[in-house]
Amino acid sequence: MKILANDGISKSGEAALKNAGFEFLEHKVAQDHLANFINENSVNVLLVRSATKVRKELIDACPSLKIVGRGGIGMDNIDVEYAIEKGLYVINTPTASSKSVAELVFGHFFSLARFLHESNRLMPLEGDTHFDAMKKSFNKASELSGKTLGVIGFGSIGQEVVKIGISLGMKIKVLTRKPRTEILKLDFFDGQSLNFEITSTNDTDEFLKETDFISINTPKTTEYIIDAPQFEKMKDGVFIVNTARGGVLNEVALLDYIESGKVAGAALDVFENEPKPELILLMNPNLSLSPHVGGNTMDAQEKIGIELAEQIIKINQTI
């Protein structure tokens, strides 16, 4: 079988596939030329991340395809049901990058709570001339310990976010469409472990009024989860991080509520208009920003590559 990892794959994943006898094509093909490349090279397995789209037209145009793999969790760039109807195997790696995304969430929380995002911008420009003034302007920082962490979504990423919150001594609230209970296990350096029973709520109003730090960790949605009505119900001075998908949070409304002081600060790793976020977002000093890098750690990429390789090898044994 021939494999095209169009958005890349870790060296360990590539090695595992080659060792299993697969032919690995080392190319990055533009979306417009992808169908032709697949057909000309009789590609059987197409591996993508978020950049490459696998829509009905591509599936119909490429009869040699047998497997479509997504390195990551979200599958919104793949017409999954249609691919399955056409007899393709569709695979992903739902847990491989969860820890990396969760750590980014708290990287942004710490940055916002201690004004690191802003001081990193200003120190090179004014650190030698306005040092004392900046020091004074950043004196309303916040600790996370003892505060209430609100997590919207309770999948693998949401659970990892909760675990970090627990380890920091935060109170935990989880919002889901239907209440559910999960047992989360925290492992420690000396071999000890502790289990925590967390039950989510579907009471949005209660959730919003009690949380100090909100992390959005849901799949792609067709409408905003956080819009003006939700902002109105939040505590004054709330911090928000979105590492889910662009379009789950109304960015225009977010800026309004930052301006009013309702939202003390927010972080966006994903945007409604990717890969060209609105300039008004990029220039706002109350936003901590990153370019959709939640799962972009060497550790996560290693896990993703290995998981994809293992699934492909297993499928190949059955077809």
Side-chain angles (χ1 to χ4, degrees), residues 101-122 134 137-154 157-175 201 204-218 224-246 248-272 277 280-294:
V101 178
E103 289 184 5
L104 180 68
V105 169
F106 279 89
H108 278 301
F109 275 146
F110 284 123
S111 183
L112 290 166
R114 297 306 301 267
F115 302 104
L116 298 180
H117 61 299
E118 192 171 358
S119 61
N120 279 328
R121 291 170 179 161
L122 295 178
M134 278 193 291
S137 70
F138 299 147
N139 66 2
K140 294 184 178 180
S142 301
E143 292 184 354
L144 275 68
S145 177
K147 303 301 193 305
T148 299
L149 169 66
V151 180
I152 302 177
F154 209 16
I157 294 175
Q159 291 181 27
E160 291 298 332
V161 171
V162 169
K163 288 181 183 181
I164 297 176
I166 292 172
S167 72
L168 291 170
M170 302 185 78
K171 302 169 187 176
I172 305 298
K173 292 280 186 180
V174 179
L175 180 67
T201 179
T204 302
D205 291 357
E206 178 190 8
F207 173 88
L208 293 173
K209 76 178 182 181
E210 294 183 354
T211 48
D212 303 294
F213 292 83
I214 296 176
S215 175
I216 306 174
N217 302 108
T218 65
Y224 296 128
I225 294 174
I226 301 294
D227 204 345
Q230 289 73 42
F231 282 117
E232 286 290 340
K233 295 171 184 175
M234 292 178 187
K235 293 176 71 172
D236 290 343
V238 68
F239 293 96
I240 304 171
V241 173
N242 181 20
T243 58
R245 284 289 186 271
V248 303
L249 177 149
N250 186 332
E251 294 171 352
V252 174
L254 172 64
L255 294 179
D256 290 339
Y257 284 92
I258 287 175
E259 182 69 23
S260 73
K262 168 68 76 172
V263 177
L268 302 175
D269 183 55
V270 290
F271 302 86
E272 292 190 65
I280 194 171
L281 296 172
L282 302 181
M283 299 301 292
N284 192 296
N286 292 301
L287 290 178
S288 180
L289 305 172
S290 53
H292 203 155
V293 295

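Numbering of residues begins at 1 and proceeds along the displayed sequence. These numbers were taken from a predicted model, which means no experiment stands behind them.
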Using a 4.5 Å cut-off on heavy atoms from C-beta on, say whether the side chain of K233 contacts that of K262. no
I'd like to know if the side chain of H117 reaches the main chain of P285, judged simply by a donor and an acceptor atom lying under 3.5 Å from each other, with no hydrogens or angles considered. yes
In short, L112 meets S288 closest at the heavy-atom pair CD2-CB, 3.8 Å
Look up atom CG in D269 and atom CD1 in I216, then write down how far apart they are to the nearest 0.5 Å. 12.0 Å
Heavy-atom side-chain contact between E160 and V101 under 4.5 Å: no
Roughly how far, to the nearest 0.5 Å, is CG of N286 from CZ of F115? 8.5 Å
Least distance between heavy atoms, A264 atom then G237 atom: CB-O, 3.5 Å
E206, CD: over 12 other non-hydrogen atoms inside 6.0 angstrom: yes
Please determine whether the number of non-hydrogen atoms from other residues, nucleotides or ligands lying under 6.0 Å from atom CG of L282 exceeds 12. yes
Which atom pair, heavy atoms only, marks the closest approach of F231 to N250? CE1-O, 4.2 Å
Any heavy-atom pair between the side chains of Y224 and E272 that's under 4.5 Å? yes
So, do I164 and V105 sit near enough that their side-chain heavy atoms are less than 4.5 Å apart? no
Can you tell if the side chain of V248 reaches within under 4.5 Å of the side chain of V270, non-hydrogen atoms only? no
Decide yes or no for Y257 and E232: does some side-chain heavy atom of the first lie under 4.5 Å from some side-chain heavy atom of the second? yes
State the OG1-CG distance between T211 and L149, to the nearest 0.5 angstrom. 8.5 Å
Taking all non-hydrogen atoms of both residues, which atom of A113 and which atom of L144 are closest, and how far apart? CB-CD1, 3.9 Å
Can you pull out every salt bridge (Lys or Arg N to Asp or Glu O under 4.0 Å) where at least one residue sits in residues 101-117? Sequence neighbours excluded, please. none
When you measure from the side chain of K173 to the backbone N and O of T148, does any donor-acceptor pair fall under 3.5 Å? no
Check against side chain to side chain contact (heavy atoms under 4.5 Å, CB included), L287 and I258: CA-CA 9 Å; L287 290 178; I258 287 175; 3.7 Å; yes
Going from CG on N242 to CD1 on I225, what distance comes out if it is rounded to the nearest 0.5 angstrom? 8.5 Å
About how many Å separate CG of L268 and NE2 of H292, when rounded to the nearest 0.5 Å? 12.0 Å
Side chains of I172 and V151, heavy atoms from C-beta outward: is any pair under 4.5 Å? no
For the CG atom of L208 and the CD1 atom of I152, what is their distance to the nearest 0.5 Å? 6.5 Å
For side chain to side chain contact (heavy atoms under 4.5 Å, CB included), just list the numbers for F106 and V241, CA-CA rounded to whole Å, side-chain angles, deciding distance to a tenth of an Å, and then say yes or no. CA-CA 9 Å; F106 279 89; V241 173; over 6 Å; no
Backbone N/O of P229 and side chain of D227: donor-acceptor pair under 3.5 Å: no
Nearest heavy-atom approach of S119 to F138 is CB-CE1, 3.5 Å
Do any N or O atoms from the side chain of E251 and from the backbone of L281 form a donor-acceptor pair under 3.5 angstrom? no
side-chain hydrogen bond (donor to acceptor under 3.5 Å, both in side chains) partner of D212, the single match among K147, K235, K171: K235
Identify, with sequence neighbours excluded, every residue that meets ring-ring contact (aromatic ring centres under 6.0 Å, His included) alongside F213. F109, F239
Taking the side chain as everything from C-beta on, heavy atoms only, tell me whether L168 gets closer than 4.5 Å to F110. yes
Between R121 and E118, does any NZ, NE, NH1 or NH2 come within less than 4.0 Å of an OD or OE carboxylate oxygen? no
